[in-house]
Amino acid sequence: MADSQLKQCQWNMRSSQYLGEISALCFLHLPSHLSSFPFLLAGTGSQVLLYDLESSMMIKSFQVFEGIRVHGLICSLLDNTTLGCKVVVCGEKRSEFCVDLCLLHSLPRFTHWVLDALFLKDHCLAIGCSDNSVHVWDMLKSSLVLQVPSPDRCLLYSMRLWGDNLEALRIASGTIYNEIMVWKVICQHDSPTSTSSVKGCMNLSSSNSNFAKCYDQQYKAVHICRLVGHEGSIFRIVWSSNGVKLVSVSDDRSARIWTIHDHDDRREIVGPVLFGHSARIWDCCISDHLIVTAGEDCTCRVWGLDGKQLWVIKEHIGRGIWRCLYDPNSSLLVTAGFDSAIKVHRLHTSVCKTLDLEGDADSEDIIEGAQISITCIPNSMEHAGLMDSKSEYVRSLYFKCEDTIYVATNHGYLYHALLSETGDVKWTELVRVNGEVPIVCMDLLSASLSRNHCGIVDWVAVGDGKGNMTVVGITGNPSSPKVAFAFAWPAGAERQLLGTYWWTNLDKKKFKSQCGNNCRVQAPKSDITHDNMIGKEVTGSFAALSDAEAVNLLLIIWHCQLRDIFGIMLYFEDVEDFEISSFLLTRYCFTTDPRGVLKLWRLYDPSISVCQDSQRISLIAEFPSSFGIRIMCLDASFEEEVLVCGDLRGNLILFPLSKDLLLCTAATSGVKISPLSYFKGAHGISTVSNISVSRLRHGQVEIQTTGADGCICYLEYDKDQESFEFIGMKQLKELSLIESVSADFKSADDLANRNYAAGFASTDFIIWNLLTEAKVLQIPCGGWRRPHSYYLGDVPEMRNCFAYVKDEIIYIHRHWLPGGCKTKFPRNLHLQFHGREMHSLRFVSENSQVQGNEEENLVDKSSWIATGCEDGTVRLTRFAPEMENWSASKLLGEHVGGSAVRSICFVSKTHIIPSDVSSTPGLEKGQNDTSDGKQNPCLLVSVGAKRVLTTWLLRNRSLDEEEEIYPEQKLNRCETGCKPTVKQCSSMSFRWLSTNMPIRSPSMEGREKTMRATNKISSLDSDAKTGSTLIEKEGTKSKTCLVNKYEDDWRYLAVTAFLVKCAGSRLTVCFVVVACSDATLTLQALVLPHRLWFDVAILASMPSPVLALQHAVVPFCNLTQISSTYLVITGATDGSIAFWDITESVETFVQRVSSLNIEKFIDCQKRPRTGRGSQGGRQWRSLNSSMSKRRLGGDSVTRKAGDVDNSDSNITPDTSSELNDLQKRSKNCSQAEHDTLLEPETSRTDSLTEICEIQPIHVMNNVHQSGVNCLHVSGDFQGSENCYLLNIVSGGDDQAVHCLQLKLTLSSTELDAKVVTSETIRSTIQSESIENIADWDLKLNAFSYQQSVPHRPCTNSKLLFNEGIWTDGTWVFSTGLDQRIRCWLVGEHGELTEHALLIISVPEPEALDARACGRNHYQIAVSGRGMQMVEFFLP
């Protein structure tokens, strides 16, 4: 569409919901016959959201203000006849009066902030302002009729009104002097009643005056008392329902309870002082029984009226909880804060009691439906007095289901405990191990059968102190369990058996894949005892059977074989020589010892006729650990033939587990199997507590581990590539030990859908919802060292069990509600987001960006946006236009130490550099393709404080049914009632790839080595080619001195990146240009897939730090080849814009790194660095000096299959000495031994260039009068002019938007620069000429920047800065601190014309990004203190 047509069209701008802080809460109570729960009004940005708490649905959203934050909501009582209510919405100095959520009247603008409002009788509204005055508004006449100032005029931080009429009105004002003034409004002796006084006042409408003056002075303010005690600003005040008590919270981290007596003596009573918060307290509320406070420490605390703390909720993140609200009728507690989340908890009257659950068996839990019971093992019940060395006590607990527990003791007893609904326990003694030795470990294998099944239900394996294993089979119903069989065998030496583990996931699904696609089972009627299978013929796909159906079918086969019935027919058409007796009728069990040796045992089913118990057990294989440390957990994948183990020191070991080994029926004596690979320090030095293995695709498995470092780690093993890589980590600060991560009943086997983490924080057991970031359960139990067990139902919020042992007493907590009876709590009504300010955001898509003139695609309307926050987190958030809502948000990870993320960029396109294929190593064996059979990588790069640079790799995984979205948002619908259409969209996610950050010299020796490396680089830089004399002016005073970097805590300010690949090479290089706060620019390279970092070049030091950074890849071709030119554009704090040509450095590095055997180098990027389990800083590496001497592939932290000899004698149970020798020969990344890499090598076979210094090809000074805050570049090939046009837009602190156009052609015409000023476009001035650029085929044909367009501030604000800008060559979108998005149309000659304007709800916007999602349709995202999407489209 031509520019003239675009100007004539009427473009529309539409804003979406604001995703940011929740600044106001209010209940809207309904009649009891309509709902037991109230509605909830929440203020966020300039909007008000209405929620139904019973269904947790958002009913509707309302736009109240424009650019003004809602900070107060006041609701009147519900009119039972009309079912309507009145709502007052306060925003800064404005107040909106609404009826039935429709705007009734907008009150006049006050001179001071509105702090509170109160509905009075006779249709009046009292309004309190920050100048300590009260105004009365007549709702019928829509006029302000009264203004009463306080006798003590001062500014306030808070105010709260109480009363139902003017005579009973009480005002509590929190002043700037850290005190509370309580005063009231009284009528003078000669004044009439309240109603007549209002009528007698001079009524002035809002159109005539801002305030109405009451000339007769019939009312006056009277001081009641002054409350002194706080040592900080008073942020919130609340009255009790009767107006007697007053609660205040302050900057001094305390809450105080006051009792006010409105008598002649005017005495006040100071109540308890509530201490517990570690930061400022923002809000509070009071009821007849309890007090609730919320603060900056992200905690909400519940107190008794006596000042005793009853409960602590810590589920929010970021800058704190802004608002808390409690409804005593429904016992609902609502909290909301900076992180955009609205959490709803259910409290009960028992929370007011002292919760001493361990000492009082009759005490009630704070969760409805919870049952707490205590019991003892049978023998201890007979024991009286204190325990001694001969007393029997519990060693192990294991929940089978919600009402069944298996208990093992130190006397060798195994018990079955049945829990009744009344809390009673029925004990059944099952067996006692031989020798009466203590049981040290236990594990349970339970079949998924119906309760009326009469077959073998449970297999219990126990290990004792003598090294013997005992397996017990339990049959019968739960009320009367019977021992079907029990056999034992020696599994290890005395006191050497520490753990036993069933292979639990083998029975459920692994055998079904072996049975092929078709099977047929037919049995005679008279020979089948199972009612559900009598006379039935099962045909079809055996793999399609459910787990319970498959197990039932196998039990039929077992019983028929046991009774020698030959009338049963079983056919497996797709499997050859499939032995049922060796696979389907066996169980597999692992045992461990202190030296890290894992043994695999085959246990035959008792239905098979064998002579002795010893023949039922056979040792299949031994798996010795590479570290010689005790194995703590394991899991295996039958399809991919891999076994993964975790040990006591955070290491992971991966073993091969072939199907032939499992299916073989020949007698084996225990083959010793060597590890395939290992990962050292996956959880630092903390214990690995749980492992789950999931099959991604053929040859690839994903591994999820949890540990005592409070982290959930994700790893990936590729069988074909023989790679074992770390792909992600989630750190739960609420848990110090995570025991397991489980899924709800809706989740699939995909590890990404596991939503509940169970573990410990100090002495408490906690269940945590990973999606809603809410605490499901917290039970004080004394810590994880005590014997304990837990069981989670399909909905853990409603069904969970936990048991633990203290002394000889077993405490059992059961919360088991019937399905579908009630709403589960806690709940999260609103999407949880960043808890602090966001400095950068980018649209993320693996496809190329859609142009604004292309056809619209419905799928492209859904957008994923990556954001970086002040707290160091990077999130991926999905916007769904059909919902008008933000539908999902995923936490990708966190920067090292929580360092702030300052800038992010997304890279999706790979540029190819031509190369001589015949001269490129690594192309043998048919490896001459450019993609290696894989798609080009898509990377997300984030940088920030402490010079942390983190890269993430896109993983786009499609789901079969429905995308994993935020569960509460599935309930949300737009006004038309349509559900989100997510089936056509993929579930986008990123995996952690690498972190690059400089190290610090820990000692003087390190500093000396660093200085030597610095001197070498400086000497090499002096010989590099330069295009100007900037470095000569600096002399030896180089700002790039690395030793200063190590001593000072600099930060990265901006980043840009692009992908380059040499034709025919398997390597892909991601070039990253970063700008540091010390006014330096560096070009770094990440070599993929080996994740090696190199420093390629240093861009010459600028006089001022660079704030904005962009790159441009200009393609060109000639008669011989097709290539590209790589440009970097920078904007600095002095208002200058500089251009850099880095083509030579990029091409040279790619070609030379492709010629190296880089896979032989040490990969130091193995795990994200965190506060717990950190693996140190990176190693400074250049292409020449940093490549260490060649080492074997086995010297890296991750071992491969070919690194060790797989013979039986190669690995013995004691392999610690071998590992020590291995570590002596190599340097692990966890040791951070960088000294060798800093020293220059004496012998090198490759003569490669050192880090060079690049000079700018052109610097445009004083483009902006102050700093250049933002830049954006777009390019397009102009076929008519045979040139490549670059459009560069910039915004600065001077409120100006500049547009710069560059035409790059193959001609060698003289270069001039024409500057068009803001006064007139036609008048031009000649800028400084640009010299010819060496080694360039491209020339700058036109170099001009166009009209300077100011960002006009709003009338009530100061001069505001431009913070974000974007262009596609046709449109320019910009935003600034004036909270406005401006749309400019780019003219034919580069002039800008403002076309549209929209006020947004994001306070202090800092970043903007946009994308074209179809023909004449754009999406604009803005972030700052929150995020908002704006659509710009042509209807």
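- Side-chain atoms of S789 come within 3.5 Å of backbone atoms of F399 as a donor-acceptor pair (strictly under, hydrogens ignored).
- R695 has no carboxylate O lying under 4.0 Å from a charged side-chain N of E702, or vice versa, which leaves the two without a salt bridge.
- Smallest separation of non-hydrogen atoms from A682 and C713: O-SG, 3.6 Å.
- Between the side chains of Q700 and D718, at least one donor N or O lies within less than 3.5 Å of an accepting N or O.
- Across all their heavy atoms, N468 and P490 have their closest contact at OD1-CA, 3.4 Å.
- Relative to the ring axis of W459, R587 places its NZ or CZ within 45° and under 6.0 Å from the centre.
- At a threshold of 4.5 Å between non-hydrogen side-chain atoms, the residues V671 and E622 do not count as touching.
- Looking at T500, its side chain never comes within 3.5 Å of a backbone N or O of T591 through a donor-acceptor pair.
- In this structure, CG in L737 is found 11.5 Å from SG in C711, a value given to the nearest 0.5 Å.
- Annotation: R649, atom CZ; neighbour count of heavy atoms from other residues, nucleotides and ligands within 6.0 Å does not exceed 12.
- Residues S674 and P656 come closest through the heavy atom pair O-CD, 3.3 Å.
- For the side-chain contact (heavy atoms from CB on, under 4.5 Å) with T592, the qualifying choice from I631, V597, D647 is I631, the only one to do so.
- Here CZ of R602 is found 4.0 Å from CD1 of I620. Values are rounded to the nearest 0.5 Å.
- With sequence neighbours left out, the side chain to side chain contact (heavy atoms under 4.5 Å, CB included) criterion links V437 to V433, D464, K466.
- Atom CG of N690 sits about 7.5 Å away from atom CD of Q704, to the nearest 0.5 Å.
- For the pair H788 and F760, the minimum side-chain heavy-atom distance is below 4.5 Å.
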Take L634 and V644 through the test side chain to side chain contact (heavy atoms under 4.5 Å, CB included) and record every step on the way to the result. CA-CA 6 Å; L634 56 88; V644 185; over 6 Å; no
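- By the 30° and 60° cut-offs, the orientation of the rings of F590 relative to F623 is tilted.
- For the pair F655/C645, a side-chain contact is recorded, criterion being any heavy-atom separation below 4.5 Å from C-beta on.
- Side chains of Y756 and S740: no donor on one and acceptor on the other come within 3.5 Å.
- Residue L654 holds its CG atom at 5.5 Å from OH of Y717, rounded to the nearest 0.5 Å.
- At least one side-chain heavy atom of L715 sits under 4.5 Å from a side-chain heavy atom of F679.
- The two atoms that bring R1066 and P1089 nearest to each other are O-CD, 4.3 Å, heavy atoms only.
- Residues S742 and L792 approach most closely at OG-CD1, 3.3 Å, considering heavy atoms.
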Given the rule in the side chain to side chain contact (heavy atoms under 4.5 Å, CB included) test, do I673 and L661 qualify, once you have shown the distances and angles that lead to the verdict? CA-CA 11 Å; I673 300 178; L661 184 66; 3.7 Å; yes
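- Between the CD1 atom in I474 and the CG atom in L414 there is a gap of 6.5 Å [rounded to 0.5 Å].
- Checked by atom type, the side-chain pair W601/S618 shows no donor-acceptor distance below 3.5 Å.
- In this structure, S625 contributes its side chain and F627 its backbone to a donor-acceptor pair below 3.5 Å.
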When you look at V688 and N651, which way does the side chain to side chain contact (heavy atoms under 4.5 Å, CB included) test go after all the steps? CA-CA 7 Å; V688 182; N651 307 311; over 6 Å; no
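- Between the side chains of S446 and D458, at least one donor-acceptor pair of N or O atoms lies under 3.5 Å.
- No close placement of the Y398 and Y406 rings is indicated, their centers lying 6.0 Å or farther apart.
- No donor-acceptor pair under 3.5 Å is formed between the side chain of T706 and the backbone N or O of I712.
- Within the 4.5 Å cutoff, no side-chain heavy atoms of R395 are placed close to those of P787.
- The shortest side-chain heavy-atom distance between W503 and C589 does not fall under the 4.5 Å cut-off.
- The shortest distance between side-chain heavy atoms of L643 and L600 does not fall below 4.5 Å.
- Under the 3.5 Å distance criterion, the side-chain polar atoms of E640 are left unmatched by any main-chain donor or acceptor of V701.
- Here the CG-CG distance, from L676 to L657, works out to 10.0 Å after rounding to the nearest 0.5 Å.
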So W489 and V471, side chain to side chain contact (heavy atoms under 4.5 Å, CB included) or not? Walk me through it. CA-CA 9 Å; W489 74 96; V471 174; 3.5 Å; yes
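- Proximity of a side-chain donor or acceptor of K659 to a complementary backbone N or O of E641 within less than 3.5 Å is not detected.
- With contacts defined as side-chain heavy-atom distances shorter than 4.5 Å, the pair P594/Q496 qualifies.
- Residues L732 and A757 come closest through the heavy atom pair CD1-CB, 3.7 Å.
- Using a distance-only test at 3.5 Å, with no hydrogens or angles considered, a donor-acceptor pair links the side chain of W502 to the main chain of D443.
- For R630, the side chain to side chain contact (heavy atoms under 4.5 Å, CB included) criterion is met by L498, M632, not counting sequence neighbours.
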